[in-house]
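Report on the structure given below.
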Amino acid sequence: MSVIGFDIGNESCVIAAARRGGVEVLLNDELKSETPAVVSFGEKQRFFGSAGAAFAAANPKSTVSQIKRLIGKLYKEVEGELNLLPFATSEGPRGGILIELEYLKTKWTFTPVEILGMLLKHLKQITEKNLQSPVVDCVIGIPSYFTDLQRRMYLDAALIAGLKPLRLMHDGTAIALGYGMYMADLSDSGPTNVMFVDIGHCDTQVTLAAFEPGEMKILSHSFDQNLGGRDFDEVLFHHFAAQFNEKYKIDVYANVRASRRLRTSCKKVKKVLSVYAEAPLIIECLIGDIDVRGSITREEFENLSLKLLERVMIPCSMALKDSGLSVDKLYTIELVGKGSRIPAITRILTMFFEKEPTRTLNPCESVARGCALRCAMLSPTLLVRDYKVFL
Ligand SMILES: Nc1ncnc2c1ncn2[C@@H]1O[C@H](COP(=O)(O)OP(=O)(O)OP(=O)(O)O)[C@@H](O)[C@H]1O
Ligand SMILES: [Mg+2]
């Protein structure tokens with residue numbers, strides 16, 4: 001029986017397997033632990049994960065990403081967001097979303113669940129290749145704000161992939177479980193309260209958990225469904241689009257290919273600014289034969305992102321309020337999710353909580369690891385240390 005945890009991200013997916021010696025994160029064919037959440041439909045075949053991402057630039061209209069965002073949503077609910085995606089969509093039966101693309105030189109439509117099913121099947125294949133055995137049983141991470149419909153659709157997608165989830169588990173609970181099971185220095189004088197802040201590509205999730213020897217209790221969950229790394233990319237995108245309009249008299253917004261290239265470059269600029277105080281942006285032949293050049297300092301980026309940065313605090317204070325704890329009762333604030341790498345986020349959290357957040361967990365792997373642990377607890381094949389989880 002397989003003992004697997006899947007973290008399906010809007011940007012990337014991670015697979016963890018529990019074995020006798022502990023939990024291990026599995027590598028894909030490129031020997032990477034993160035597999036892009038991308039399916040690209042070509043003229044002759046489909047490309048998944050890293051291969052799919054490699055085709056995104058050449059084949060934007062038939063490359064599907066950020067599928068998790070669309071699961072269980074009505075077309076009208078996300079119409080604005082759909083316009084930002086490079087592939088075409090339309091309103092389907094009962095107001096759902098249909099993805100329209102070209103595959104095998106023919107026009108096709110797929111539902112988001114079908115695409116998620118394909119992605120899960122790819123992850124299943126990576127897992128089976130690693131373990132050299134069939135994989136069926138698993139635990140899959142989901143955002144704490146998922147509705148019953150979204151949960152059902154995840155189960156439908158898992159069915160398409162030939163997987164049998166023993167549970168769908170809240171991302172924050174998975175992170176807390178991984179933290180709690182390996183936390184060595186727990187005090188005997190009352191619970192150790194930890195706030196987990198997970199900033200991903202599209203959302204922010206906050207979970208507050210209390211740890212005691214041999215058990216953990218989830219005190220509260222909070223979230224902002226629309227605050228993630230991509231919102232910071234958009235800030236840079238609008239900044240440079242306006243700058244290039246003035247400097248080179250070009251309208252990036254009116255050109256799909258130029259918009260996509262500028263967005264990709266903005267993402268890189270954001271990552272450079274997480275390390276350096278200034279980042280350049282150069283794109284050759286952005287529109288026609290116009291080469292564009294610009295640069296931005298970290299300070300300018302932070303000023304442009306002020307509203308987004310302030311929003312990070314909202315789910316944090318909500319989770320704290322719902323738990324009934326005061327700030328001084330928090331042992332630490334643990335940052336996960338790659339979107340949390342923006343230095344200003346650490347700074348703003350430090351100011352609010354009057355202590356610097358910690359990063360003891362692997363920011364990319366913690367959801368998958370926690371899901372694999374949960375799967376091990378539910379599976380008869382592995383003997384797991386007795387650990388109680390109160391939800
Ligand atoms: N060095 C960095 N500095 C700032 N942001 C970064 C850095 N590295 C990655 N990111 C951003 O982190 C986001 C991806 O984070 P993560 O992999 O945790 O998301 P995900 O789990 O795929 O998405 P979600 O949790 O929303 O489903 C992207 O927006 C990416 O641009
Ligand atoms: Mg995530």
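Each ligand, and each atom within it, is numbered from 1 in the order the structure gives.
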Extract all N/O-N/O pairs under 3.5 Å that connect ligand 1 to the protein, and present each with both atom names and the distance rounded to 0.1 Å.
{"from": "ligand 1", "atom 1": "3 (N)", "to": "S274", "atom 2": "OG", "distance (Å)": "2.6"}
{"from": "ligand 1", "atom 1": "12 (O)", "to": "G339", "atom 2": "N", "distance (Å)": "3.1"}
{"from": "ligand 1", "atom 1": "17 (O)", "to": "K338", "atom 2": "NZ", "distance (Å)": "3.1"}
{"from": "ligand 1", "atom 1": "18 (O)", "to": "K338", "atom 2": "N", "distance (Å)": "2.9"}
{"from": "ligand 1", "atom 1": "19 (O)", "to": "H201", "atom 2": "N", "distance (Å)": "3.2"}
{"from": "ligand 1", "atom 1": "22 (O)", "to": "N10", "atom 2": "N", "distance (Å)": "3.4"}
{"from": "ligand 1", "atom 1": "22 (O)", "to": "E11", "atom 2": "N", "distance (Å)": "2.8"}
{"from": "ligand 1", "atom 1": "22 (O)", "to": "S12", "atom 2": "N", "distance (Å)": "2.9"}
{"from": "ligand 1", "atom 1": "23 (O)", "to": "N10", "atom 2": "N", "distance (Å)": "3.3"}
{"from": "ligand 1", "atom 1": "23 (O)", "to": "H201", "atom 2": "N", "distance (Å)": "3.1"}
{"from": "ligand 1", "atom 1": "26 (O)", "to": "N10", "atom 2": "ND2", "distance (Å)": "3.4"}
{"from": "ligand 1", "atom 1": "26 (O)", "to": "H201", "atom 2": "N", "distance (Å)": "3.0"}
{"from": "ligand 1", "atom 1": "26 (O)", "to": "C202", "atom 2": "N", "distance (Å)": "3.0"}
{"from": "ligand 1", "atom 1": "27 (O)", "to": "N10", "atom 2": "N", "distance (Å)": "2.7"}
{"from": "ligand 1", "atom 1": "27 (O)", "to": "N10", "atom 2": "ND2", "distance (Å)": "3.1"}
{"from": "ligand 1", "atom 1": "27 (O)", "to": "K68", "atom 2": "NZ", "distance (Å)": "2.7"}
{"from": "ligand 1", "atom 1": "29 (O)", "to": "H201", "atom 2": "ND1", "distance (Å)": "2.6"}
{"from": "ligand 1", "atom 1": "29 (O)", "to": "K270", "atom 2": "NZ", "distance (Å)": "3.2"}
{"from": "ligand 1", "atom 1": "31 (O)", "to": "K270", "atom 2": "NZ", "distance (Å)": "2.7"}

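Taking the six-membered ring where the residue is Trp, the centroids of Y331 and F211 are separated by 6.0 Å or more.
The other residues sharing a hydrophobic cluster with V25 are V14, where clustering joins ILVMFWY side chains under 4.5 Å apart.
No side-chain donor-acceptor contact under 3.5 Å links S323 and S220.
Other residues, nucleotides and ligands contribute only 12 or fewer heavy atoms inside 6.0 Å of the CZ atom of R293.
Pairs of residues two or more places apart, or lying in two chains, that qualify as salt bridge (charged side-chain N to carboxylate O under 4.0 Å, His left out) and include a residue from residues 76-87 are R69-E81, K76-E91, E81-R230.
Residues meeting the ring pair (Phe, Tyr, Trp, His ring centres under 6.0 Å) test with F87, sequence neighbours left out: none.
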